[in-house]
Amino acid sequence: MQAIKAARTESTPEVIFNPVHNTLFIAGECYPENPNLFFLPILGTLQAHFSNKLPAKFYARVRLSYVNSASTKSMRQLFMALNEAAHAGAAVDVDWEFDEEDDAIQDLGEDLMHGLGVTWLNFNEVPFVV
């Protein structure tokens, strides 16, 4: 399985997917010109990883400081892929890290979780102080 290591840019977050350790890390601001072009390879790699061999555990750590509305749909698709893996039997933990003074990012994490309907994810809000 192919790892992903995409450096942070001015408009896209850093993304590190490690298939050996079953981890995903996303950090930074997210407002790519075309969210589909940015997220489709990530989603495709994750879905292939889960369908190839479902891990017993998977850990995602998301630390975003800004997400535009166009990227929110792609983030929802990412959460759906994680939720599907959890529904299939993987123990999936998501740490949603946010500046404790940034209600918008905190609310986005909650909205993404509520948008899933029934969820099998272990979602953890992790506030931090800047």
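Along the sequence shown, residues are numbered consecutively beginning with 1.
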Exercise for the section: Taking all non-hydrogen atoms of both residues into account, name the closest pair between L54 and G89 and its distance. Expected result: CD2-N, 3.9 Å
Exercise for the section: Evaluate side-chain contact (heavy atoms from CB on, under 4.5 Å) for F38 paired with V15, printing each intermediate quantity in order. Expected result: CA-CA 10 Å; F38 179 75; V15 177; 3.8 Å; yes
Handout entry: Rounded distance (nearest 0.5 Å) linking atom CZ of F128 with atom CD of E101
Key = 10.5 Å
Practice task
Check whether L64 and M113 end up in the same hydrophobic cluster, where Ile, Leu, Val, Met, Phe, Trp and Tyr are linked by side-chain heavy atoms less than 4.5 Å apart.
Solution key: yes
Practice task
Kindly assign one of parallel, tilted or perpendicular to the pair F58 and H49, based on the angle between their ring planes and the thresholds 30° and 60°.
Solution key: tilted
Practice task
Hey, could you give me the CG/CG distance between L108 and D102, rounded to the nearest 0.5 Å?
Solution key: 9.5 Å
Problem - Least distance between heavy atoms, R76 atom then G115 atom - result: NE-CA, 4.3 Å
Practice task
Quick one: pull up CG in L82 and CG in D93 and give me the separation to the nearest 0.5 Å.
Solution key: 10.5 Å
Practice task
Give a yes or no answer on whether the side chain of Y31 reaches the backbone of A70 with a donor-acceptor pair at less than 3.5 Å.
Solution key: no
Practice task
May I ask you to decide if I105's main-chain N or O and W96's side chain share a donor-acceptor pair within less than 3.5 Å?
Solution key: yes
Exercise for the section: Answer with yes or no whether the hydrophobic clustering places I4 together with L24; edges join I, L, V, M, F, W, Y residues whose side-chain heavy atoms lie under 4.5 Å apart. Expected result: yes
Handout entry: Shortest non-hydrogen separation from P41 to T45 and the atoms involved
Key = O-OG1, 2.8 Å
Problem - Beyond-backbone contact of P127 with F98, side-chain heavy atoms, under 4.5 angstrom - result: yes
Problem - Inter-residue atom distance N22.CG - K53.NZ, 0.5 Å rounding - result: 9.0 Å
Fill in the blank from the handout: Heavy-atom closest pair (E10 atom, E29 atom, distance to 0.1 Å) is O-OE1, 4.1 Å
Practice task
State the CG-CG distance between L40 and N34, to the nearest 0.5 angstrom.
Solution key: 8.5 Å
Practice task
Could you tell me which non-hydrogen atom of A90 sits nearest to which non-hydrogen atom of P55, and how far apart they are?
Solution key: CB-O, 3.1 Å
Exercise for the section: For T23 and N18, run side-chain hydrogen bond (donor to acceptor under 3.5 Å, both in side chains): C-alpha distance rounded to whole Å, both residues' side-chain angles, the deciding distance at 0.1 Å, then the answer. Expected result: CA-CA 5 Å; T23 58; N18 184 323; 4.8 Å; no
Exercise for the section: Please answer: with hydrophobic residues joined when any side-chain heavy atoms are less than 4.5 Å apart, are M80 and V62 in the same cluster? Expected result: yes
Exercise for the section: For the residue pair I42 and I26, establish whether any side-chain heavy-atom pair is separated by less than 4.5 Å. Expected result: no
Handout entry: Value rounded to 0.5 Å, distance of OG1 in T72 from CG in L78
Key = 12.0 Å
Problem - Nearest non-hydrogen partners of P32 and S71, listed with the distance - result: CD-OG, 3.3 Å
Handout entry: Hydrophobic cluster identity match, V92 and Y59, side-chain contacts under 4.5 Å
Key = no
Practice task
Tell me whether L43 is reachable from F17 by hopping between hydrophobic residues (I, L, V, M, F, W, Y) whose side-chain heavy atoms are closer than 4.5 Å.
Solution key: yes
Exercise for the section: Could you walk me through whether F39 and M75 pass side-chain contact (heavy atoms from CB on, under 4.5 Å), step by step? Expected result: CA-CA 8 Å; F39 278 100; M75 288 297 299; 3.7 Å; yes
